[in-house]
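These notes are about the structure you will find just below.
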Amino acid sequence: MAAHRGEQDSDEDSYEVVDITDYARRHQWWSRVFGNNSGPIAEKYSVTTQLMMGGVTGWCAGYLFQRVGKIAATAIGGGFLLLQIANHSGYVQVDWKKVEKDVNKAKKHLKKKANKAAPEINSFIEESTEFVKKNIVLSGGFVGGFLLGLAS
């Protein structure tokens, strides 16, 4: 037994005591899931704070998007309805050949502009994707809040 006890004492000396709270601060769960560089916001705020910030801003954006969308749809639909009533009543005469010609001209112009703007749009998409990757918790909260804002 004495030999066994001696081995046990030497084994205790070789163990290292690890502070779990310090380990948890250095190794967050999102670092394991999304990588070590999970963004500057993730380093400043807790996960709960990030979710709340993203959720509240997402809800506000979704709610405003819903309200503005309804107003815009009402205005455009109402204007179109009034135009059709005026056309049917004879107050307005539409030259459909000219409308078709102008629409085709606008299509060609938009195609030219779209080809020039493509690099700018691609760089914006790349920057947005990088932001979402670096701030995945905040972005997730924003998306959830946005959908809730649309539904309310």
*May I ask you to test the Thr49-Met52 pair for a side-chain heavy-atom distance under 4.5 Å?*
no
*Taking the side chain as every heavy atom from C-beta outward, state whether Lys70 and Gln66 have any atom pair closer than 4.5 Å.*
yes
_Cluster link Val92 to Trp96, ILVMFWY, side chain under 4.5 Å_ = yes
*Distance, nearest 0.5 Å, that separates OH of Tyr91 from CG of Leu83*: 14.0 Å
_I need the Gln50 CD to Ser139 OG distance, nearest 0.5 Å._
9.5 Å
_Backbone of Gly54 reached by a side-chain donor or acceptor of Thr57 within 3.5 Å_ = yes
*Quick one: CD1 on Ile76 to CD1 on Ile71, what's the gap to the nearest 0.5 Å?*
12.0 Å
*Would you name the heavy atoms of Leu138 and Met53 that are closest together and state the gap between them?*
CD1-CB, 3.9 Å
*Working to the nearest 0.5 Å, report the span between CG of Asp102 and NE2 of His109.*
13.0 Å
_Shortest non-hydrogen contact between Trp59 and Leu148, atoms and distance_ = CD1-C, 3.7 Å
*What distance separates Lys105 NZ from Lys98 NZ, expressed to the nearest 0.5 Å?*
9.5 Å
*First locate atom CG of Leu81, then atom CD1 of Ile85, and finally report the distance between them rounded to the nearest 0.5 Å.*
4.0 Å
*Taking all atoms of both residues into account, what is the closest heavy-atom pair of Ala61 and Phe142, and its distance?*
CB-CZ, 4.0 Å
*Would you check if the side chain of Gln93 reaches a backbone N or O of Asn87 as a donor-acceptor pair within less than 3.5 Å?*
no
*Any side-chain heavy atom of Val99 sitting closer than 4.5 Å to one from Asp95?*
no
